[in-house]
Structure formats: C-alpha cells, structure tokens
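Residue numbers start from 1 in every chain, and the chains themselves are labelled A, B, ... in the order their sequence lines are given, proteins ahead of strands. All values reported here derive from a predicted model rather than from experimental measurement.
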Amino acid sequence: MIAKVIVDVPANQTDRLFDYAIPKEWEEMIEPGMRVVVPFGPRKIQGFVISVVSESEHAKLKEISEVKDVTPVLTRELLDLGFWLTEKTLCYAVSALQVMLPAAMKANVTKTVVLGNKVNHEAAWVRMIENSGLKWDEFLSHFSHKELNRAIKNDELEVRYDVKEKTAPKTILSISAALTKDELRNEKEKMGNRAMKQQDIISFFLDNDGAISYKELMDVLDTTRSTIKSLVSKAILKEEEVELYRDPYKGRSFKPSEAMELTDLQKNAISPILESLENRQHGTFLIHGVTGSGKTEIYLQSIHRVLEQGKEAIVLVPEISLTPQMVTRFKSRFGSEVAVLHSGLSRGEKYDEWRKIHRKEVKVVVGARSAVFAPFTNLGIIIIDEEHESSYKQEENPRYHARDVAIKRGEHYQCPVVLGSATPSLESYARASKGVYTLIELLERVNKQAMPEVSIVDMREELRSGNRSMFSNELYDKLKVRLEKKEQTVLFLNRRGYSTFVMCRDCGFVVECPHCDISLTYHKMNGTMRCHYCGHEERFPSQCPECESEHIRFFGTGTQRVEEELTKILPEARVVRMDVDTTRRKGSHEKLLNQFGEGKADILLGTQMIAKGLDFPNVTLVGVLAGDAMLHLPDFRASEKTFQLLTQVSGRAGRHILPGEVIVQSYTPEHYSIEMAADHDFQSFYKREMVTRKQFGYPPFYFLAMVNVSHEELTKTVDVTEKITSFLKSKLSNASVVLGPVASPIPRIKDRYRYQCMIKYKTEPNLNDHLKEIQKHYSKDISRGGLQLTIDTQPYMMM
DNA sequence: AGCACGCCGACT
DNA sequence: GTCGGCGTGCTC
C-alpha cells in the first residue's frame, strides 16, 4: 500500500503530494490524517498522510519510517478543510494543516552526529561521541564542516535525524495491583509477621480498585517510596505512566448556574436558531444585540439544546484571557464539558485542552480564533461572539478569517453558525440585510436599563479656554463626583496613533528608527526610545541630533503619563493601570481586574484591552480620553473601528442598577462615527458608512485583495510591485481596479522597503489563479533573492 | 527549506 | 592539483 503525504517543508517546490510505501506491519493501521516521519532526500521530516492508495506512478518508493499517531489527528473533514484553505488563502498545504493543530504538535527536527560503521579510533571525536552521539551544533563548535563531511564519506560518522514533538504529554507514575485480589491475599499471608508496611499497602489494594499516584499512596498510608518500590520489584504491584492534563483552571470552582428565564425578546431571537437545530439545516445568523441585551444567555441556551442532541459546540471569543467573566459563565453552565483554548495558556496547556477535544472528553470549546478548527466530529453549532473583531483574521499564513471557516464547517455539518455583536461589521450586516444571513435584532437591554448618556467634549475648545491637560473640565468634575459617591470609573486611552514620540522644540526634528520609517516611542521605565516594529533601542538624547538644541522632549500620551497626571489632580484616587507593561505576567490581567471588581480601586485606566467584556456593577462613568485617535489611521475601516470601539466602551457603564454616563473627548467631535456612537445609533452609522464605501469602492461593495512586496533594495521592491500591478491590470476585467504600485503606510520596516498593490473587484473568477501565477513566477526570488511576497485575499490590515 | 552537486577562481 | 564560493536543481 502507498501513502500520499504532504511533507513539512513550507516551500513552493515541495507543496504537493509525495508517495511513500507503507511497511507491511503498518498496512492495517495507517489512515489519512495521521502524522508520519518520512525520509526526504538525505534527511527525515514529518508529514501528513492525506490518502492511502494501492498504486503509484513512481517506480522506486521509500518507506515511511515512523508513525506518530495511533488515531488520526485530522479527520477527513479537517483535511478537506485544509485544502479548501490552501485554495482560498493561497498558502502551502502544510501551513493549512499545521494551523489546525496545537503548536506543541509541530515537529522539531534535531540532528545528531553518531559513529558510523568504520570507527576511526584515532579521531578526536570518538570519545566525545561514544554511543549517545553529539548534537550537530555542538559537533561543529569543536570541529569543522570539512572534517565532518570527510568523516561521513569515510563511513566514520553519520548524521541521525530525530523528529520529535515540541511538548510531550505530561505523565505521572501510578501504582496499581498486578495480581488478582485472591493472589494478593495469598502474598500477604506468605509474609507472616514480617514486612508489616508492605502488608498495609497490599491491604489498601484489597480494599481499593484502580490506580493511585506514588505521592497519594505515600500520604494515605504514611509510607515511603522504597516500600512501594519493593512490592513493584516483587511484581505484586505495577507501575504505569499515566497521562496527566495540565488544567489551567485547576483549583478554581465554578458555581453551577441554571438557565435563566428568557425575556420575550430573547425568545424571539433564539427561535430561528433552535429551528435550524431541529431541522438540522445550516444557516448563518447575525444577532445584532445592544450591549447588555443578553446575547450570552442565548448562546448558552442554544448550546444546551445542541448538547441534548448529543452534538458539540464551538464558541469563539476575541481574546478570551481578556474576559475571564466569559469563561466563568460557560464553565458554570456546562462544567467539565468545556475546554478552553486561548493565548494566555502555555503551549503544553493548549495541547492538553486540544487532546480533551480530540478524545471526546468535552463537548464545548470556548476559544480564540484557532478554536474554530476544534477536532469535533459531530458539530451542532458554531458561535462567534463580537463578530466584528479584527482578531478573527489571522495576519500570517494561512491568512484566514474565522468567520469563513466557521461557515464552511457549518455547511459540512448542516448546523447553524451564529454571529453576535453590538456593532456588526459592515460586511456581515450587509449580508444580513440582503438575506444571505438571517438577521436577529435585539435592541433592548434585558433589564430595560436605558443606554448610558454620552457627551462629547470638544478638546479644541478646552485648549482655547486654556485647559492644556489631557482631562477636560467636564471629565474632571465627573471624576470627582464619582470619588465622592464611591462609585467607579473606567478611563480608556486609545494609544494607537498617540504614541509618545520624541521631538525637538526648536527645529521640529522627530527621532526616527534607523531601520524603519517610523518614529521611536519613548519609554519612561528605563529612559530609552524603542521602535515598536523592530525592537531597536537607543538612549534618550540630551540634545537634538540635528540642531544641537537642548529643548528635545517627548510628546504624546501613554497610560503612564495619564496615571501620573491623575495622581496629581486627584491624589486621593486609587488607580489600577492596565496595559502591556502591567499585564505581561501570566494571570496578572485577571488579578488587576479582580482588584478593581472588589472595589479596591476607584479608577481602572487602560488601553484596548479593557474595551470589551468587562461588567462591573459599580462603574457609572466611562471616560474616553482620545476618541478620535484611530480615525486618522490609513485604513478604510477607521470610521467603523472608531464607532465600534466607542460603542463597546460606552457599554461598560451603567450595566446594572446605577445609571451610567460616558464622556468622549475628541479633537474632531463632529465626525459621524463619534456622533452616531454617542447616540447609540448603529442604523444611521451603517447607512452613512455604506455611502462612503460605495463611493470609494470598498467592501462590502467590492472585494479586496492585497499584494505586499518587500525587499532590502528600494529599486527591486518598486520594480517587482510595478510588474505585478501591470500583470494584474492586463489580466483583470475593466470593472476591476488595480491600485499601485504604492509605498505601504509604513514604507520601511527592519531595513526592508515595502510596497503594495491593491485590487478592488466585484467578480474575478480567475483572480486566485493569477495570484498563484505571480507567486510561482517569483518563487525563486523569494527562496534566494531575499524577496518577500505576501498575498492577502481578504486584507484587514492595510499597514 | 535544506542539501548535494557542479562549475569556477584562488592558492599551497 | 585542491579548497571553498555560490548558482542550480531535486526531494516520493
């Protein structure tokens, strides 16, 4: 039998199936979806079995050298999904398969130098290598390449390739009886009055069935490891390696929760989803539900029905470590049926959660983007919460959008896909309006709470009236009132676009990164300036490098500065600051939130990460310090993002009994995305923004594709982009627009120039073929000439 | 990608 | 002659 294998070599020339003979002893057990180790040229690498056939065009086939799995890690459905992804995103097949598995399962090839058949006892390495071998790098640190090659030719040395997993399952030694109970009694009697401790242990196994760890047994019987060991050596007991799960939520109890009675509105909302479940028919549903409208309860009850049907559920959330409250809700409702997959887990923990799904020990998975590939085989529903979030788009190969994958899987399993958001993406809302998706509107809060009052403060006015601080008078007054009333405030600083750059006051010189076309960011912590793109770091200059003036200062607003100013103007306020610096450590995120939730602080100050999912009853004021910060980014979605962010943030206020208030500070208060967010008016925003999109030919009216070119030399970069642009222009219809070549918004990163070509189109059935042709045409320049080419068939990042 | 093979200039 | 540089082509 022959296995068709995709090898783990992400390159243009190896992106196809290779045939391997299956050794007789494995013929029965090798199945598509298993990982194997195969000889590939002179080395050994990992691969995925795609199919098993009986004939091959190739006369001489090498044999599979190792089988890595007992059961396939990828089902037929996932294999097919992988090839679909490859076609859709123009990535290598291995990349598409790899992305569906936890990173821990990616192969790690190690090379070891070992003695060959003819041992040269004179050689200096003989003693160093002995029988265990020497790591490749280590060998080369002592000897030259030349020596190694000569020794290999002379058969004195050889190179062994080991394909290992990055993380092995954690195991623990457990003890159980090796004999039947009668035999145990027999053994015990034979001991007579001697070895009383050992007899105790035997008694224990007479009374208890199953296995126990060394540690537990030692604790229970107050005995030692050696006593147990001696029973093992007598073959009365036996040791066994048992796989252990690292449980990231260990030791935490989740209060069981019961389903809540749905309001009439919620009942209406859930019924089309339940209908789809009963009919076992795929459909995509967009729940447009304002913040606090009870979307989560609808998710929970839909899943409940799915579980009753004996099926499984996937719930995607933008970044789950950011919303421990969400995990808690799912764990309390479904208990141990839930696996959690998010970026806060270690590689090993993710691997363990994945195995729980693979072994069907759980029925629900809650996780970030990649959880959409959870290896369930009887999917009943896929839910994507905060559907509009850009983190559902992966910005590296394969550049997929979780929404598309979810719908693809939903079609396969004939099950509903539910998208939920208070601020749906224009793409989804347009599809729902056209009837492609079923629109479910939920425009009232569960407890009939009014939406918070939002007031926009014109910061230009503040400046004119002499207030140069980052807090407007209105915000300051309201902050003071909250402190007096012992209510809490969330202060939101959108840092993007407002980073702290360093500028000379005399000549206007701005310090830029020498490797990237971007200004350096000042870091107060160690008095340095750092580049956010390449990590370049230099000391804060004492004088301007350009005009030697000493009036060189940093400008802009970081959370640190806000905190400083806050303590200056409101010294009595207790502030919790949340940003990348304070949440780097594992679990610190949750700790800070708990601190705030327990009322140990008055003000929660943070960046994007506090914008969503938080729900604290005592928060009655939300302040947005720079509401328009994102508006000026070079991105056609800037208005949409601003609207979404402001709506999300305002939703943090007054979610319970106390009414909430929101203050948005802005330098462009009249912009429609800010005004309409303040009015909680999604409909108007949608209509207004659609006009702009139509006018400029952007989604959802046009599809986009983006080709990014990067090279160390500017001329090469421009030249390639130019050729690609004209090639596409010649191939595509006149109704399509090919823009380029233009420099990227950041024209140089890490000493590489960056150019791009954007394609706007309505229908181009052969676009992917043309793009593939470009990929193929430049494959040599990519593998040797140092050219980088990224093709995104659904771009979300314009930078 | 990674590695071998082969062709060419430099040097013992 | 031989070493090592890099361009080329192959991997079932």
Side-chain angles (χ1 to χ4, degrees), chain A residues 1-24 26-27 30-68 79 83 86 90-99 103 106-114 116 135-137 139-140 143-164 166 396-398 710-712 716 775-790:
Chain A
M1 294 298 270
I2 286 131
K4 292 202 172 278
V5 175
I6 289 280
V7 292
D8 186 11
V9 183
N12 224 297
Q13 295 177 74
T14 51
D15 186 31
R16 57 197 171 86
L17 291 164
F18 286 87
D19 294 356
Y20 284 90
I22 302 175
K24 267 269 169 322
W26 294 332
E27 254 182 15
I30 286 195
E31 284 177 57
M34 284 181 176
R35 292 169 307 155
V36 288
V37 175
V38 291
F40 196 65
R43 60 211 169 113
K44 269 186 194 166
I45 50 168
Q46 200 179 82
F48 291 92
V49 177
I50 303 304
S51 57
V52 177
V53 295
S54 52
E55 270 173 62
S56 170
E57 293 171 13
H58 288 265
K60 265 193 195 146
L61 292 187
K62 291 186 182 174
E63 283 196 334
I64 288 175
S65 35
E66 215 178 302
V67 184
K68 302 227 74 170
L79 287 175
F83 287 105
T86 303
L90 305 175
C91 71
Y92 302 128
V94 238
S95 316
L97 299 177
Q98 213 83 257
V99 79
K106 215 184 149 184
N108 214 1
V109 181
T110 56
K111 289 189 286 184
T112 318
V113 180
V114 294
K135 285 202 185 97
W136 169 273
D137 294 350
F139 185 93
L140 286 180
F143 308 100
S144 72
H145 235 284
K146 204 170 86 187
E147 286 172 284
L148 177 63
N149 281 341
R150 188 179 296 152
I152 290 172
K153 273 215 177 78
N154 291 342
D155 235 0
E156 290 166 19
L157 291 179
E158 38 185 278
V159 178
R160 193 181 69 212
Y161 291 87
D162 292 306
V163 184
K164 283 214 181 77
K166 285 205 171 116
E396 58 189 68
N397 279 333
S710 134
H711 194 273
E712 280 184 14
K716 176 84 180 168
Q775 235 173 16
K776 211 174 118 196
H777 183 261
Y778 286 103
S779 64
K780 255 198 193 123
D781 286 280
I782 292 166
S783 62
R784 306 206 209 283
L787 180 76
Q788 261 174 38
L789 200 67
T790 47

What nitrogen or oxygen pairs link the protein and nucleotides 2-4 of chain C at under 3.5 Å?
unit_1, atom_1, unit_2, atom_2, d
C:dG4, OP1, A:K146, NZ, 3.4

Query raised in the report: What distance separates A:E147 CD from A:L157 CG, expressed to the nearest 0.5 Å?
Result: 10.0 Å
Query raised in the report: Looking at residues 34-53 of chain A, who's got a heavy atom less than 4.0 Å off DNA chain C?
Result: A:P39, A:F40, A:G41
Query raised in the report: Is the backbone N or O of A:T110 less than 3.5 Å from a side-chain atom of A:K135, with the two atoms forming a donor-acceptor pair by type?
Result: no
Query - Approximate separation, where rounding is to 0.5 Å, of A:Y92 OH and A:Q98 CD - result: 14.0 Å
Report summary line: Ordered by number, residues from residues 1-20 of chain A within less than 4.0 Å of DNA chain C (heavy atoms) are A:Q13, A:T14, A:R16, A:F18, A:D19, A:Y20
Report summary line: Between CG of A:N108 and C1' of B:dG2 the distance, given in whole Å, is 16 Å
Report task. Starting from the 5' end of DNA chain B, give me the residue, A:S783 or A:N149, whose nearest nucleotide shows up first. Result -> A:S783
Query raised in the report: Are the side chain of A:S779 and the backbone of A:N12 linked by a donor-acceptor contact shorter than 3.5 Å?
Result: no
Report task. For the residue pair A:R160 and A:E158, establish whether any side-chain heavy-atom pair is separated by less than 4.5 Å. Result -> no
Requested in this report: Output the distance between atom NZ (A:K716) and atom CG (A:D781), rounded to the nearest 0.5 Å.
Outcome: 4.0 Å
Requested in this report: Using atom CZ of A:R784 as one end and atom C1' of B:dC3 as the other, report the distance to the nearest whole Å.
Outcome: 11 Å
Report task. Figure out the NZ/P separation between A:K60 and C:dC10, and round it to whole Å. Result -> 17 Å
Query raised in the report: Distance from A:F48 atom CZ to A:L79 atom CG, nearest 0.5 Å?
Result: 8.5 Å
**Report entry** Gap between atom CD of A:E396 and atom SG of A:C91 - 0.5 Å precision
**Finding:** 11.5 Å
Report summary line: Atom NE2 of A:H145 and atom C1' of C:dC6 are separated, to the nearest Å, by 15 Å
Report task. Kindly point out which of B:dA1, C:dC12, C:dG9 is positioned nearest to the side chain of A:K62? Result -> C:dC12
Query - Atom pair distance, as rounded to whole Å: OH in A:Y161 and P in B:dG2 - result: 10 Å
Query - Interatomic distance where CD1 belongs to A:I30 and C1' belongs to C:dC12 [whole Å] - result: 14 Å
Query raised in the report: Would one find more than 12 heavy atoms of other residues, nucleotides or ligands at under 6.0 Å from atom CD of A:E712?
Result: no
Query - Nearest-0.5 Å distance that lies between atom CG in A:L97 and atom OG1 in A:T86 - result: 6.5 Å
Report task. Mark yes or no for whether A:Y20, through its side chain, and A:P39, through its backbone, hold a donor-acceptor pair below 3.5 Å. Result -> yes
Query - Length of the CD1-P vector between A:I782 and B:dA1, whole Å - result: 9 Å
